[in-house]
Amino acid sequence: MDSLYTIRKKYKPNLPKQLDNFTTLSFEKKTDQIHPAENLREFLPHLFDLHEVSLVAEKLSKPAKPLNIGVVFSGGPASGGHNVIAGIYDALKKLHKDNRLFGFLNGPSGIVSGNYSELSGEIIDEYRNCGGFDMIGTGRTKIESEEQLQHSEQSVRELHLHALIIIGGDDSNTNAAFLADYFIRHNTPVSVIGIPKTIDGDLKNAYIPISFGFDTAAKIYSNIIGNLACDAASAGKYYFFVKMMGRSASHITLECALQTGANHVLIGEEIAFHNKTLKIIVSEIADTICERAKSGKNYGVILIPEGTIEFIKEFSLLIGDLNAILAHENIQEISQENKIQKIANLLPEHSKECFILLPDEIKQQLLMERDPHGNVQVSKIESERLFIMLVTKELHDRKQKNEYSLSFSAQPYFCGYEGRSAYPSNFDAQYCYTLGHIAVLLAKSELTGYMACVTNPAKSVAEWGIGAVPLISMMSLEKRKNKIIPVIAKSLVDLQGPVFQTFLKEREHKKISDNCPNPGPIQFFGPEVLTESITATLMLESKE
Ligand code: FBP
């Protein structure tokens, strides 16, 4: 019997018109050199003088030589990853039947240990247009030590790779830049090419309009929020406090706020801009609840980006202080209870006060190990429960003062992992398939230290533009794990930008009204206006 799985595997993603006559295309260096920040030179000397590139049709087609390409997933899954690999595979086979594709297993650690598997057409066909990264697995290993770099070089040499394609977010593509620089320094002729992946939407800049996975995740979460809003209005008794995945940046939350009728939405970047304290934020949520109560509504939906706490002044100071302590103290061996006490004693007075007042679970969650790139693991901090606790107390206090009379019942929810491995939307399926093709053209053109990119993705697929950008041109110096290092900067929500400004126009109305229709599930078949829809974020930012 046909299922969505069997039918979806047969879907044929469209490609941009620019990729017609694929076999004759290549990238050519432009005369203009890029001008990265001077302070990056000492870290990445061999990528410093890269050129801009453009797509050209070869005048005289050279006889194609067989290529060996390695591919790896890095970081959290994002819908569409399998289509990047399918795009690479199909593009390779268009160029030469003897081209080969190898997948490094379980993330960058597979490159270091030489753990790989050759990807055949049969394997790829099982995963076309399907979610997840399970074809080869993923991981968060950061390749940084000399030993790891040496082993990586050994792996790519053993496989006689011409290119290594790294499918990852900002941190993984920072990794890609270091590998590219290392390979040039050691005369290893392997191109390292990046692909912009992450549901977080924070790998976005003048060259990269959107990372893959954002579109699908935002649609999955908006469907859930729409369902929760409908349930809340139907039963009339719950406030859903929904923590939204997306790391520090609030892009996903903002997009879901536009797609749905969520009643109160926190945006981390706005909280930081206005220097809001936890007390103010809690009081504003309680204001919305009291305001809705006046219209007889004792229910609603509140969105909390998982990175919110990093933007609240007292928390950002606390996290900074904790990071500094954790970088020096070896606390993993100490028992949970003693750990909390020991850390509290080491904190400066302002942070100590904030830390002590937190529930023990949140204290423990704040002390969890940082990820290999030095990020606090915000998805593990139950901020939705923290806000429920604080808002319950605030409403109780208001009740005592006769400012609120209803009972308050809240339910926590986390829009998280389910958004990263769903069947990709048509947008992500086609975007990824195109990125795979671009990566192969970069490999064929022997360019290293570049990221594949698509311009005009808000237009129809046929009109998308093909490009590539030097990784170093997106980098700047930042303090991570107490060290200054070059990284691809995370893009945060621009409070002056069209997406946040549109949200502001709707905000007050949505606080009280419940008139926003449920966006429903992702559509794969049916009217184009549904199947080819893009996010409000991409649409609004493309109009700028
Ligand atoms: P990357 O795409 O940057 O790897 O992160 C995606 C993400 O889903 C974040 O939104 C989230 O905070 C984090 O991964 C969760 O990490 P983990 O999978 O290690 O729990």
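The structure presented is a predicted model; accordingly, all values stated were derived computationally and were not measured. Both counts, for ligands and for their atoms, begin at 1 and track the order of listing.
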Task: Non-neighbouring partners of F355 that pass ring-ring contact (aromatic ring centres under 6.0 Å, His included), sequence neighbours left out - done: none
TODO: Tell me which protein heavy atom sits closest to atom 5 (O) of ligand 1, plus the residue, atom name and distance to 0.1 Å.
DONE: R247 NH2, 3.2 Å
Task: Check ion pair K276-E284 (N to O, under 4.0 angstrom) - done: yes
TODO: Could you tell me which atoms of ligand 1, counted from 1 in the order shown, lie closer than 4.0 angstrom to a heavy atom of K197?
DONE: 1 (P), 2 (O), 4 (O)
Task: Within-cut-off N or O pair, Q377 and ligand 1, under 3.5 Å - done: no
- [ ] Classify the ring geometry between F503 and F500 as parallel (under 30°), tilted (30 to 60°) or perpendicular (over 60°).
- [x] tilted
TODO: From atom 1 (P) of ligand 1, work out which of T198, D202, L203 has a heavy atom at the shortest distance.
DONE: T198
Open item on the list: I need the atoms of ligand 1 closer than 4.0 Å to a non-hydrogen atom of G76, numbered in the order shown.
Closed with: 1 (P), 4 (O)
- [ ] Please indicate whether E147 has more than 12 foreign heavy atoms, meaning atoms of other residues, nucleotides or ligands, lying under 6.0 Å from its CD.
- [x] no
Task: Heavy-atom nearest neighbour in the protein, as seen from atom 15 (C) of ligand 1, with distance rounded to 0.1 Å - done: S379 OG, 3.4 Å
Open item on the list: Could you check whether any side-chain N or O of T434 sits under 3.5 Å from a backbone N or O of L15, counting only pairs where one atom can act as donor and the other as acceptor?
Closed with: no
Task: Carboxylate-amine/guanidinium proximity below 4.0 Å for R507 and E270 - done: yes
TODO: Using the six-membered ring wherever Trp is involved, compare the ring planes of F427 and Y431 and label them parallel, tilted or perpendicular (cut-offs 30° and 60°).
DONE: tilted
- [ ] State the atoms of ligand 1, each with its element, that fall below the 4.0 Å cut-off from a heavy-atom position in G246.
- [x] 10 (O)
TODO: Indicate yes or no for a side-chain donor-acceptor contact from Y221 to the backbone of G416 under 3.5 Å, with no hydrogens or angles considered.
DONE: yes
- [ ] Would you mind listing which atoms of ligand 1 come within a distance below 4.0 Å of any non-hydrogen atom of G75?
- [x] 4 (O)
TODO: State whether R128 and D90 are salt-bridged, where the test is any N-O pair (Lys NZ or Arg NE/NH1/NH2 against Asp/Glu carboxylate O) under 4.0 Å.
DONE: yes
Open item on the list: Counting only heavy atoms closer than 4.0 Å, does ligand 1 sit against the backbone of D200, its side chain, both, or neither?
Closed with: side chain
Open item on the list: Considering R140, E306, M245 one by one, which has a heavy atom nearer to atom 12 (O) of ligand 1 than any of the others?
Closed with: E306
Task: Nitrogen or oxygen atoms of S74 and ligand 1 under 3.5 Å apart - done: no
- [ ] Could you check atom 20 (O) of ligand 1 against the protein and tell me its nearest heavy-atom contact, residue, atom and distance included?
- [x] Y417 OH, 2.7 Å
Task: Heavy-atom nearest neighbour in the protein, as seen from atom 8 (O) of ligand 1, with distance rounded to 0.1 Å - done: R420 NH1, 2.9 Å
